[in-house]
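Each chain gets a letter, A, B and so on, in the order the sequences are listed, and its residues count up from 1.
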Amino acid sequence: MFLELKAQATSILKDAIQKAGLEIEDSELYFETSSYADLASRAAFRLASLYRQNPKELAARIVSAIEIPDGSYIEEVSASGPYINFHAGRHYLDRTVATVLEEKEKFGCGAPKDKILLEHTSANPNGPLHVGHIRNSIIGDTLARILRRAGYDVEVQYYVNDMGRQIAVVSWACERFELDLSRKPDSAIADVYIKANVELDKNPEYIKEIDALMEKVEAGDVRTIDSFNKAVSLAISGIKETLLRLNVVHDKFVSESTFLKSGAVHDIVERIKATGRTKTDKGALVVDLSDYGFKKTLVIQRSNGTSLYTTRDLAYHEWKAGQADRIIDIFGADHKLISGQLRATLNVIGIKEPEVVIFEFVSLPEGSMSTRRGQFISADELFDRVTEAALEQVETRRPETADEFKKQVAEMVGIGAVRYDIVRVSPEKSTVFNWKEALDFEKQGAPYIQYSHARACSILEKAKEEISWNSSAEIDPSLLVEDTEIDLIKKMASFDSIIDLAARELKPHVLAIYARELADAFNQFYRFVPVIAAEDEKVRAARLALVNCARIVLTNSLNTLGIAAPESM
RNA sequence: GGGCUCGUGGCUUAGCCAGGAUAUAGCGCUGGGCUUCUAACCCAGACGUCGGGGGUUCAAAUCCCUUCGAGCCCGCCA
């Protein structure tokens, strides 16, 4: 709705500027939102410097040339000093309510768009996901949901490292130490992986054994490959379990080794060689990317002839480029340099480059997390503790409810809180994990939004019982005239523009903030406007419809954030 | 040493790319509100050199330079 409002305002403003005998670039016709107006233009400032005239006078001149077409969402345009303010009218509010009721779960969806292949998480299968990894999963999964709602056809992939050095260490560790199969499989893998690394640090001569394993895999040795696969699938099964609990879904798990087996790795090395950019440096094959701003060369083949992660990743990206219009990768800050080099190399051989979303690190008070050193907080532990804390809350707040209900709510609230806490801050901020904050539900986070949703559901439920309310009954939205009602409608109306913005800029935190503001608007309405107890029957019907609208948009927001929307909590 | 990112009330954080009307919100703090649709809520208040310095501009949290602090990265790991 808001996107349409903005489009109408843009067209009205453009015509008026032209009619006033002025000219301005389309890129200057953007709006800001403020407490003064639904949309405010600063075009007069730009025109003032262009024409060397007073911006106030120009604003007045443009406003006097404004013509609002019939049926427009815009009701009034006024100049306030140099600002040109656009005010939405009743028609906009009424259409918003009607559209939400009509489109329901589709409200806020964009027109069908291109195919996007999005890769996220892709953590090495050498242990369980930790709180750093799930920042990747949550940003990636939320982005996938946002892009789908924006209209894109999104396929999500997890790239499985099943043949790197770390996996060789895992495989070696599995032969050397007993796996504790009573543990979750990824944790059992981490146990022996950590032990193996201690061993390798003590006795560096074992490194030769690791090298030998990697050479065997690269050469296609069946027994070694089989042992790698066993370890990898154990770890991946545990990782999948964690992701499932987090409500994160991948469409495909793609193994690195497929590109070696298929010959794609060999082919892409040949393609890069053909550019004349490669040379041999101490036996290794390197690419010169100095004209792309990379001072150091990129190694794409070890001196023993084996491939590296980078080489296999190049082949993976070549494959991805062939099956989608856009490729998006979610990477941690440690991948900044390598992803830049990857993009440059792909550019050199004429392959579509990925768009890379980088997020900064989550560290512990004692330093950065490391699976190798066993220094990490697993996602599983976080989920357990957070849902336990949520359960305590449900027990004190809803003691009368059944145990099964309490458990379900605790899971929805706990996992929702984790997802919201991570997605609400921009990816470029580095954070330090802290238990006290992670277990705190008092702030306006996911539970606040979920609670608003539950309240809306509760009103509708009660209305069904007491006055046999029916969601498809005809209503008159123009009876919604209270300030809090209008604020709520306007907030709901902007959902589509939030999805559009988040999708365009690949910024999921924009939606997280919106959802909180929407809940805020609903809670204020809830506090000040009686619904079931409304004095007039028609007003009551309109308000019930508004509550239903709020429920729908809250559900859509929560769904897009991958957070459960409980009907009662 | 070089590159990238961040620095906004006690804490966490939006805004910065496209400079403009009172700098966003939460936690915490002070005070108030449940016989009314779930108080995981609402209302009011205090708290800010937008890291420091310089510059550009009619106008800078936003652009440029510089400096300090934090994180990440810098070829045969991923």
Student: Send over the distance from A:H335 NE2 to B:A78 P, rounded to a whole Å.
Tutor: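 Value for this atom pair: 10 Å.
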
Student: Rounding to a whole Å, what distance do you find between A:K436:NZ and B:C11:C1'?
Tutor: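 Taking NZ of A:K436 and C1' of B:C11, I get 9 Å after rounding.
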
Student: Please state whether the phosphate of B:C41, meaning OP1 or OP2, lies under 4.0 angstrom from any side-chain nitrogen or oxygen of A:H453.
Tutor: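 No, no such contact exists.
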
Student: Quick one: side-chain hydrogen bond (donor to acceptor under 3.5 Å, both in side chains) pairs with a partner in residues 521-549 of chain A, sequence neighbours left out?
Tutor: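 Counting only pairs at least two positions apart or across chains, the side-chain hydrogen bond (donor to acceptor under 3.5 Å, both in side chains) contacts touching residues 521-549 of chain A are A:Y448-A:N523, A:S452-A:N523, A:R455-A:N523, A:E485-A:R543, A:N548-A:R551.
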
Student: Using only side-chain N and O atoms of A:R527, determine if any of them is under 4.0 Å from OP1 or OP2 of B:C42.
Tutor: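 Indeed not, no polar side-chain atom of A:R527 lies that close.
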
Student: Rounded to whole angstrom, note down the C1' distance from B:G53 over to B:C47.
Tutor: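 Result for the C1' pair: 26 Å, nearest Å.
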
Student: Checking only heavy atoms, does the side chain of A:N85 share a donor-acceptor pair with the base of B:A21 at less than 3.5 Å?
Tutor: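 Such a pair is found, so the answer is yes.
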
Student: When you measure from the side chain of A:R302 to the backbone N and O of A:S307, does any donor-acceptor pair fall under 3.5 Å?
Tutor: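 At least one qualifying donor-acceptor pair exists.
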
Student: On the nucleotide B:G7, are OP1 or OP2 found under 4.0 Å from the side-chain N or O atoms that A:K429 carries?
Tutor: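 Yes, A:K429 has a side-chain N/O under 4.0 Å of OP1/OP2 on B:G7.
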
Student: Quick one, which residues of residues 531-540 of chain A touch RNA chain B with a heavy atom under 4.0 Å?
Tutor: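 The answer is A:V531, A:I532.
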
Student: Going by number, which of residues 287-300 of chain A have a non-hydrogen atom under 4.0 Å from RNA chain B?
Tutor: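 Listed by number, they are A:K295, A:K296, A:T297, A:V299.
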
Student: Choose from B:G15, B:C76, B:A78 the nucleotide whose nearest atom is closest to any side-chain atom of A:A284.
Tutor: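 Of B:G15, B:C76, B:A78, B:C76 is nearest to the side chain of A:A284.
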
Student: Expressed as a whole number of Å, how far does the C1' atom of B:C50 sit from that of B:U8?
Tutor: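 These two C1' atoms come out 4 Å apart once rounded.
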
Student: Could you tell me whether the side chain of A:S27 reaches within less than 4.5 Å of the side chain of A:R46, counting heavy atoms only?
Tutor: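 A side-chain contact is absent here, since even the closest heavy-atom pair is not under 4.5 Å.
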
Student: Taking the same atom, P, in B:A61 and in B:G69, what whole-Å distance lies between them?
Tutor: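 My reading of the P atoms in B:A61 and B:G69 gives 25 Å.
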
Student: What's the gap between B:C29 and B:A46 when it is taken at their C1' atoms, as a whole Å value?
Tutor: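 My reading of the C1' atoms in B:C29 and B:A46 gives 8 Å.
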
Student: Please check the phosphate of B:C37 (OP1 and OP2 only) for any side-chain N or O of A:R543 closer than 4.0 Å.
Tutor: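 No, A:R543 has no side-chain N/O under 4.0 Å of OP1/OP2 on B:C37.
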
Student: For a quick test of reading the model: is some side-chain N or O of A:R165 closer than 4.0 Å to OP1 or OP2 of B:A78?
Tutor: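 The answer is no; no side-chain N or O of A:R165 sits under 4.0 Å from OP1 or OP2.
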
Student: Of the nucleotides B:U5, B:C72, B:A14, which one has an atom closest to the side chain of A:D334?
Tutor: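 Among B:U5, B:C72, B:A14, the one nearest the side chain of A:D334 is B:C72.
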
Student: Once side chain to side chain contact (heavy atoms under 4.5 Å, CB included) is applied, do any residues pair with A:Y36, and if so which ones, sequence neighbours excluded?
Tutor: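 Checked A:Y36 against side chain to side chain contact (heavy atoms under 4.5 Å, CB included); matches are A:S34, A:N85.
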
Student: Taking all non-hydrogen atoms of both residues, which atom of A:L289 and which atom of A:Q341 are closest, and how far apart?
Tutor: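 Here A:L289 and A:Q341 meet closest at CD1-O, 3.8 Å.
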
Student: Atom OG1 in A:T387, atom CZ in A:R385: separation rounded to 0.5 Å?
Tutor: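 These two atoms lie 11.0 Å from each other.
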
Student: Hey, do the aromatic rings of A:F495 and A:F2 have their centres closer than 6.0 Å?
Tutor: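 Centroid separation for A:F495 and A:F2: 6.0 Å or greater.
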
Student: 5'-most contact on RNA chain B: A:N124 or A:E567, nearest heavy atom basis?
Tutor: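 By nearest-heavy-atom nucleotide position, the 5'-most residue is A:E567.
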
Student: Let's see if you can work this out: which of B:A14, B:G75, B:U13 has an atom nearest to the side-chain heavy atoms of A:R424?
Tutor: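 For A:R424, the side-chain atoms sit closest to B:U13.
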
Student: Provide, to the nearest angstrom, the distance between the CG atom belonging to A:L308 and the P atom belonging to B:C77.
Tutor: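 In whole Å, B:C77 P lies 6 Å from A:L308 CG.
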
Student: Just by modelled atom types, is the A:M569 backbone N or O under 3.5 Å from a matching donor or acceptor in the A:R398 side chain?
Tutor: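 Present.
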
Student: Does atom CD of A:E25 have more than 12 heavy-atom neighbours, drawn from other residues, nucleotides or ligands, at distances under 6.0 Å?
Tutor: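 Open.
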
Student: Would you classify A:T310 as touching base, sugar-phosphate or nothing, given that sugar-phosphate means primed atoms plus P, OP1 and OP2, and contacts are heavy atoms under 4.0 Å?
Tutor: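 Nothing, no nucleic acid heavy atom in range.
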
Student: What is the separation between atom CG on A:L337 and atom P on B:G75, rounded to the nearest whole Å?
Tutor: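 These atoms are roughly 9 Å apart.
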
Student: In the 5'-to-3' direction, what one-character label does each nucleotide of nucleotides 57-64 of chain B receive under the scheme B = base within less than 4.0 Å of a protein heavy atom, S = sugar-phosphate only, - = no such atom?
Tutor: --------

Student: Please lay out, stage by stage, how A:H317 and A:D329 fare under the test side-chain hydrogen bond (donor to acceptor under 3.5 Å, both in side chains).
Tutor: CA-CA 10 Å; A:H317 276 85; A:D329 294 333; 2.6 Å; yes

Student: Between A:D281 and A:K296, does the salt bridge (Lys or Arg N to Asp or Glu O under 4.0 Å) criterion hold? Intermediate values first, please.
Tutor: CA-CA 12 Å; A:D281 187 359; A:K296 293 183 178 175; over 6 Å; no

Student: Can you tell me if A:R302 touches the phosphate of B:A78, counting only side-chain N or O atoms and a distance under 4.0 Å to OP1 or OP2?
Tutor: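 Yes.
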
Student: For a quick check of understanding: with a heavy-atom distance under 4.0 Å over all strands, which category does A:V510 fall into, base, sugar-phosphate or nothing?
Tutor: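 Nothing: the residue A:V510, judged by heavy atoms under 4.0 Å, touches no strand.
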
Student: Let me know the distance between CG of A:N434 and P of B:G10, rounded to the nearest Å.
Tutor: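 For the pair A:N434 CG and B:G10 P, the rounded distance is 19 Å.
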
Student: Please confirm whether the shortest side-chain N or O distance from A:Y526 to OP1 or OP2 of B:A39 is below 4.0 Å.
Tutor: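 For B:A39, OP1 or OP2 has a side-chain N or O of A:Y526 closer than 4.0 Å.
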
Student: Where along residues 27-37 of chain A does a heavy atom fall under 4.0 Å from RNA chain B?
Tutor: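 Result for residues 27-37 of chain A: A:Y30, A:S34, A:S35, A:Y36, sorted by number.
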
Student: Give A:P530 one of three labels, base, sugar-phosphate or nothing, depending on what nucleic acid heavy atoms sit under 4.0 Å from its own.
Tutor: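 The answer is base, as A:P530 lies within the cut-off (heavy atoms under 4.0 Å) of a base atom.
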
Student: Looking only at atom P, what distance separates B:C17 and B:G54, rounded to whole Å?
Tutor: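 Looking at atom P only, B:C17 and B:G54 are 22 Å apart.
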
Student: Could you work out the separation of B:G15 and B:C77 based on their P atoms and round it to a whole Å?
Tutor: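 Going atom to atom, P in each nucleotide, I get 39 Å.
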
Student: Can you find a side chain N or O atom of A:R455 that sits less than 4.0 Å from OP1 or OP2 on B:A39?
Tutor: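 True: A:R455 side-chain N/O within range (under 4.0 Å) of B:A39 OP1/OP2.
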
Student: Just confirming the chi classification of B:G7, syn or anti, using 90° around 0 as the syn window.
Tutor: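 Anti, since the glycosidic angle lies more than 90° from 0.
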
Student: Kindly determine whether A:L213 and A:V169 satisfy side-chain contact (heavy atoms from CB on, under 4.5 Å), including the steps that lead there.
Tutor: CA-CA 9 Å; A:L213 285 175; A:V169 173; over 6 Å; no

Student: May I have the distance from A:M369 (atom CE) to B:A78 (atom P), rounded to whole angstrom?
Tutor: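 Taking atom P of B:A78 as the reference, CE of A:M369 is at 22 Å.
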
Student: Look only at the side chain of A:Y420 and the backbone of A:A512, and say whether a donor-acceptor pair between them is shorter than 3.5 Å.
Tutor: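 Judged by distance alone, yes, a pair lies under 3.5 Å.
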
Student: What is the distance, to the nearest angstrom, from the CZ atom on A:F525 to the C1' atom on B:C41?
Tutor: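 So the CZ-C1' distance, A:F525 to B:C41, works out to 15 Å.
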
Student: Taking A:E360's backbone N and O only, do any of them form a donor-acceptor pair with A:R135's side chain (distance below 3.5 Å, no angle check)?
Tutor: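 Side chain of A:R135 to backbone of A:E360, a donor-acceptor pair under 3.5 Å: yes, one is there.
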
Student: Please tell me if A:Q524 has a side-chain N or O lying less than 4.0 Å from either OP1 or OP2 of B:C41.
Tutor: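 For B:C41, neither OP1 nor OP2 has a side-chain N or O of A:Q524 closer than 4.0 Å.
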
Student: Between atom CG in A:D440 and atom P in B:G26, what is the gap in whole Å?
Tutor: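 From A:D440 CG to B:G26 P: 15 Å.
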
Student: If you only use heavy atoms from C-beta on, which nucleotide in B:A21, B:G75, B:U13 is closest to the side chain of A:T431?
Tutor: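 Within the option list, the nearest is B:U13.
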
Student: Has A:Y448 got its ring stacked on B:A40, by the test of a centre gap below 5.5 Å and a plane angle below 30°?
Tutor: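 Base of B:A40: not stacked against A:Y448.
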
Student: Keeping A:K56 on the side-chain end and A:A44 on the backbone end, is there a donor-acceptor pair under 3.5 Å?
Tutor: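 Here the side-chain-to-backbone pair does not exist.
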
Student: What integer number of Å spans the P atoms of B:G19 and B:U57?
Tutor: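 These two P atoms come out 16 Å apart once rounded.
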
Student: In whole Å, measure the gap between the C1' atoms of B:C11 and B:A59 for me.
Tutor: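 Comparing C1' positions in B:C11 and B:A59 gives a spacing of 33 Å.
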
Student: Are A:D211 and A:M214 close enough, and set up right, to give a side-chain contact (heavy atoms from CB on, under 4.5 Å), and what steps lead you there?
Tutor: CA-CA 5 Å; A:D211 288 340; A:M214 286 201 293; 3.9 Å; yes

